[in-house]
Engineer: 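Take a look at the following structure, please.
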Amino acid sequence: MHWMMWIFWGFFGALFIGSYIVDKLTKKKYSLDKKANTANQDSAAADASRQAGRNNHESGMF
């Protein structure tokens, strides 16, 4: 069972060290912050909400 501990903690150690190395090599180029949408993305989102409102059949005749 001792070897299972080494595999378990070794996996997390390798993951942590690997992410640290990638972070240093890319000079923190990648971040999890939300980026601003382009004009095309904003237009597509507005069109999708218009289509969803147009095709809403929940408030019918009855």
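Along the sequence shown, residues carry numbers from 1. The figures that follow rest on heavy atoms only: side chains count, while hydrogens, waters and symmetry mates do not.
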Engineer: Quick one: does any side-chain atom of Ser43 pair with a main-chain N or O of Ala39 as donor and acceptor, under 3.5 Å?
Structural biologist: no

Engineer: Should Trp3 and Trp6 be counted in the same cluster of Ile, Leu, Val, Met, Phe, Trp and Tyr side chains packed under 4.5 Å apart?
Structural biologist: no

Engineer: Listed by chain and number, what are the side chain to side chain donor-acceptor pair (under 3.5 Å) partners of Trp9, not counting sequence neighbours?
Structural biologist: none

Engineer: Phe16 and Tyr20: ring-ring contact (aromatic ring centres under 6.0 Å, His included), yes or no, with the steps?
Structural biologist: CA-CA 6 Å; Phe16 180 75; Tyr20 180 77; 7.0 Å; no

Engineer: Distance check, rounded to the nearest 0.5 Å: Ile17 atom CD1 versus Ser19 atom OG?
Structural biologist: 9.0 Å

Engineer: State plainly whether one hydrophobic cluster holds both Phe12 and Met5, where clusters connect Ile, Leu, Val, Met, Phe, Trp and Tyr through side-chain heavy atoms under 4.5 angstrom apart.
Structural biologist: yes

Engineer: Do Phe8 and Phe11 sit in the same hydrophobic cluster, where Ile, Leu, Val, Met, Phe, Trp and Tyr count as joined when their side-chain heavy atoms come under 4.5 Å apart?
Structural biologist: yes

